Every structure is written in structure tokens, then in C-alpha cells.
Amino acid sequence: MKLADRVNKIQPSPTLAIDAKAKALKAQGIDIVGFGAGEPDFDTPANIKEAAKRAIEEGFTRYTPVGGTDELKDAIIAKLKRDNTLEYARNEISVACGAKHSLYNISHVLVQEGDEVIIPAPYWVSYPDQVVLAGGKPVFIETDETTAFKITPEKLEKAISKNTRALVLNSPCNPTGTTYSREELVAIGAVCLKHDFFIISDDIYERLLYDGMPFCNIATAVPALKGRTMVVNGVSKTYAMTGWRIGYAAGPAEVISAMTKMQSQSTSNPNSIAQKAAVEALNGSQETVEKMIVEFEKRRTYIVARLNGIPGVSCFKSHGAFYAFPNISRLFGKSFEGKVIANSSDFAAYLLEKAQVALVPGIAFGADNYARLSYATSMENIKKGLDRIEAAVMNLK
Ligand code: PMP
Ligand code: GLU
């Protein structure tokens, strides 16, 4: 069957694919330990679920304005002021069906044929494919653990061309967990100020920070960049609301209005009930978030120590998000029953088949020397999974 060219230029989201595979194997009764999914294992807090129930009972079940209700926009405006000291008006906010959808809208209203978007690697899986779908070209800046997976002003300067349309920043980062400090953002911002492109700041892991690490957005660090920064955030990770599909973007009114126009011809408004729930998430008690962060930090410390204890594996100690991103390249060339592990995909396939552990190969994030383990799963699962990985690595010859 003939399909449009654009769909052949992209891959299905590998993170979602691996999660689906692990869930399917589990459903068949196979005892899989899943480190694939980037979604909190916690339940959505009760106060948020209550707000959704109220919305249904009160009949808040119709179309809303395409870019979100004023009530939710006001909650987002208050959040951005409170947490990020960034001030926006309602016409500078657009709510979408998840932060992924906000990012999709942004790439479609900013990027066209011939445009380049700079993406630090390792990167979250959807950035390059969304750029490609919009007709643009992803330009990667390679990083590794020797620089804590961070780009430097010098590397950024080298990646910029006359075609640069945007730079993507994701701090805390999926998959590495690395987090930029205010000083580092000031230095990167100084380079951005010399040129004329947008900055897409994906702040979805903003609250998931450990070791007392503070969060900073580039527009907060360098206020002169606010006029060309698209701040993207959402409720999926912070409030364990991945299935509710609410994300948002804040930025210049002209871009926001174009995003809303795009959305009016695609999904229309995000789910009305989920919008009510998101208002409660942002305005209501943050107690459960605090508890979740404490638990994630314990898991992070445990998983990084366990991975570093496995011969041939070394793991960067991240400051945020809920992923461990060990370097597994010293295992390449080893084999099990004659089958050589040559890359991260071989490693992931070996663990799934022989150890019943699902993780995401680093190649999905543009970094084949690594693998990603999400620790958004119980401590019990983490221990069991790490025991299995350790035994499987020991079995390699
Ligand atoms: N950005 C990053 C870095 C992510 O890891 C995710 C998780 N899927 C998203 C954006 C999108 O989240 P959502 O669409 O669930 O809001
Ligand atoms: N962001 C999560 C992850 O990286 C969810 C999956 C996805 O949206 O791609 O695993």
C-alpha cells in the first residue's frame, strides 16, 4: 500500500514500543521486570481524581476552547510565576494533549524545509522525528559522561548555522538525568543571544530533582531570551498523570496562536475532564509530589550503586528525572552461547530473552554505548531486575 513519504521517514516511538512489548509478555504470564516505561508507578493523587469525578458529575463534558480553559491557563500562569519567576498572559499559553503534543505543535509552526534544529545527544526519542515530520533537519551535539552529558557554549557555537531555527534543551534530561545549573544556562544563553533562533525548553522533569539540585529555565537565567523561548511542561510526570494527556507551552503570543490554530484542525481541545484534574494538580496540595520525589531519590541512589557494582558497567549519577543511563560499551564483543553482543540493541535483546528484563537500548536516544533503565518502578522490582542483569552480565564470556 502506498503511504505518504513523511511516515516512512520516522520510527515508532521506541520507548512506547518496548513498554508495550514488556506489558504484552507480562500479560502472557511471563515474569518480566520492566525498566522500559518512562511513567511513574504511583497512582494519580486522590485530590486530582476527585476533581475529575466532580467535573463529570457537574457535566463538564463538552468542547472547551481549543488551547485550554481560562481556569487551567490561569493555574499554569500562576505556576510559571511561582516556580520559575516567568510572567505570561493567557494568550501566551496553549494547552495540548500531553507535552509531546505541545512539542509537536511547536515543531510544526516553527520548522519548515531547510531549517535545522539543534538537539543535544543523548536525546529523548521524539525530538528528532518531530523535526523530520515538520520537514526540518536535526543537528546533534554529541555529549558523554565525561562532561556530565552537557553541551558547552563552544560546542553549541560550532553547531549553529544560518539555517538554525531552534535549540532543544531538556533539563533534567531524559535519558541521562543530567541537569543544567543557572550558571551553565547563562553561558549557553550568551551564545544564543548572539544569534536569532528559538529555544525549546522541555521542563517536564522540573520537579524530579535530587541532592538538593535547584531547577532553572534558560528564560529565567537569561530574561532577554524569554521572547524566543518556548517553555514546555505538563502534569504527566510530576503528578503521575501520564494517561490523562495534559501538557502545555508558554511563549510569544504569535507562536502560541499558531499552535492553537494547528490544534483546531487536529485534536481540538484536550480532554475537558483532564483539564479540570490538571487545575487541581497545579493549584492543590503538593504533598504527594514531595513523597514521590523522596522515593525516586532512594531508588536513584540504589540503582546507580548497583549498576556501578557490575563489572564492565559504569553509570553516571544523575540529578533528576527517573532514568539510569549506564555505559555498557565495555561489554561489547562478549558473547552468550556464541552470540556476540555488538551493540545496545543486542544487549537489550539478550536481557529480554535470557533474563526477562526490559530496558531501552541507548541507540534509541542516539547513544549506542548506553542503555536506559527507568526507575519509575517499585524498589522490589528494581532489586529483582538488577539481580537478573548482574547474573546475565556475569554469564557473558
Ligand atoms: N518530554 C520528555 C523529555 C519526556 O520524557 C516525555 C515523556 N513522554 C514527554 C516530553 C512527553 O510527556 P507527555 O506527553 O506525557 O506530557
Ligand atoms: N517519555 C516516556 C519515555 O521516554 C514515555 C514514552 C514516550 O512518550 O515516548 O519512556
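Please read these numbers as outputs of a predicted model, since none were measured by experiment. Whatever order the structure lists ligands and atoms in, that order sets their numbers, starting from 1.
Within the 4.0 Å heavy-atom shell around ligand 1 one does not find Glu39. Ligand 2 lies out of reach of Ser126, whose nearest heavy atom is not under 4.0 Å from it.
At a heavy-atom cutoff of 4.0 Å, ligand 1 is contacted by the side chain of Asn170 but not by its backbone. With a heavy-atom cut-off of 4.0 Å, Ser236 touches ligand 1 through its side chain alone. Within the 4.0 Å heavy-atom criterion, the part of Tyr127 lying near ligand 1 is the side chain and not the backbone. Within the 4.0 Å heavy-atom criterion, neither part of Asp19 lies near ligand 2. When heavy-atom distances to ligand 2 are checked against a 4.0 Å cut-off, Phe322 has no atom that comes that close, whether in backbone or side chain. Residue His101 does not touch ligand 1, judged by heavy-atom distances below 4.0 Å.
Taking OG1 of Thr179 as the start and OH of Tyr210 as the end, the distance is 9.0 Å to the nearest 0.5 Å. Here Leu225 contributes atom CG and Cys192 contributes atom SG; the two are 5.5 Å apart, rounded to the nearest 0.5 Å.
Here Phe365 and Tyr123 keep their ring centres 6.0 angstrom or further from each other.
Every atom of ligand 2 is numbered from 1 in the order shown, and the set under 4.0 Å from a heavy atom of Leu16 is 6 (C), 7 (C), 9 (O). For ligand 2, the atoms closer than 4.0 angstrom to any heavy atom of Tyr323 are 2 (C), 3 (C), 4 (O). For ligand 1 and Gly98, the ligand atoms under 4.0 Å from any heavy atom of the residue are 14 (O), 16 (O). Close approach of ligand 2 to Trp124 is summarised as follows: ligand atoms under 4.0 Å from at least one heavy atom of the residue are 1 (N), 4 (O), 7 (C), 8 (O), 9 (O). Contact atoms of ligand 1 toward Asn174: 3 (C), 4 (C), 5 (O) (distance under 4.0 Å to a heavy atom of the residue). Taking a cut-off of under 4.0 Å to the non-hydrogen atoms of Tyr205, the atoms of ligand 1 that pass are 3 (C), 4 (C), 5 (O). Numbered from 1 in the order shown, with element, the atoms of ligand 1 that lie under 4.0 Å from a heavy atom of Asp202 read 1 (N), 2 (C), 3 (C), 10 (C). Short contacts between ligand 1 and Arg245, defined as distances under 4.0 Å to a heavy atom of the residue, involve ligand atoms 13 (P), 14 (O), 15 (O). The ligand atoms of ligand 2 that sit less than 4.0 angstrom from a heavy atom of Ser13 are 9 (O).
For atom 9 (C) of ligand 1, the closest non-hydrogen atom on the protein side is Trp124 CH2, 3.5 Å. Of the protein's non-hydrogen atoms, the one nearest atom 7 (C) of ligand 1 is Lys237 NZ, 2.6 Å. The protein heavy-atom contact nearest to atom 7 (C) of ligand 2 is Thr15 OG1, 3.4 Å. Closest protein heavy atom to atom 16 (O) of ligand 1: Ala99 N, 2.7 Å.
For the side chain to side chain contact (heavy atoms under 4.5 Å, CB included) with Pro40, the qualifying choice from Leu208, Thr238, Thr242 is Thr242, the only one to do so.
Residue contacts with ligand 2: Ala37 is placed with no nitrogen or oxygen under 3.5 Å of a nitrogen or oxygen of the ligand (distance criterion only). Residue-to-ligand polar distances keep Gly38 apart from ligand 1: every N/O pair is separated by 3.5 Å or more. The shortest N/O to N/O separation between Lys100 and ligand 1 falls below 3.5 Å.
Both cation-pi conditions hold for Lys226 and Tyr88: the charged atom is under 6.0 angstrom from the six-membered ring centre and inside a 45 degree cone around its axis. For the pair Lys237 and Tyr205, the NZ or CZ position fails the cation-pi test of under 6.0 Å to the six-membered ring centre and within 45 degrees of the ring normal. Geometrically, Lys383 engages Tyr302 in a cation-pi contact defined by less than 6.0 Å to the ring centre and at most 45° from the axis.
For the pair Lys53 and Glu58, the salt-bridge criterion is not met [side-chain N within less than 4.0 Å of a carboxylate O]. A salt bridge links Lys23 with Glu39: at least one charged nitrogen is closer than 4.0 Å to a carboxylate oxygen.
Between Phe149 and Phe316, the ring-plane angle classifies as perpendicular under the 30° and 60° cut-offs. Relative ring orientation between Trp124 and Tyr127 is described as perpendicular, the plane-to-plane angle rising above 60° on a 0-90° scale split at 30° and 60°.
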Given the rule in the salt bridge (charged side-chain N to carboxylate O under 4.0 Å, His left out) test, do Glu116 and Arg165 qualify, once you have shown the distances and angles that lead to the verdict?
-> CA-CA 6 Å; Glu116 294 177 356; Arg165 183 64 172 142; over 6 Å; no
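Around atom 10 (O) of ligand 2, the closest heavy atom drawn from Arg372, Glu39, Lys237, Lys100 belongs to Arg372.
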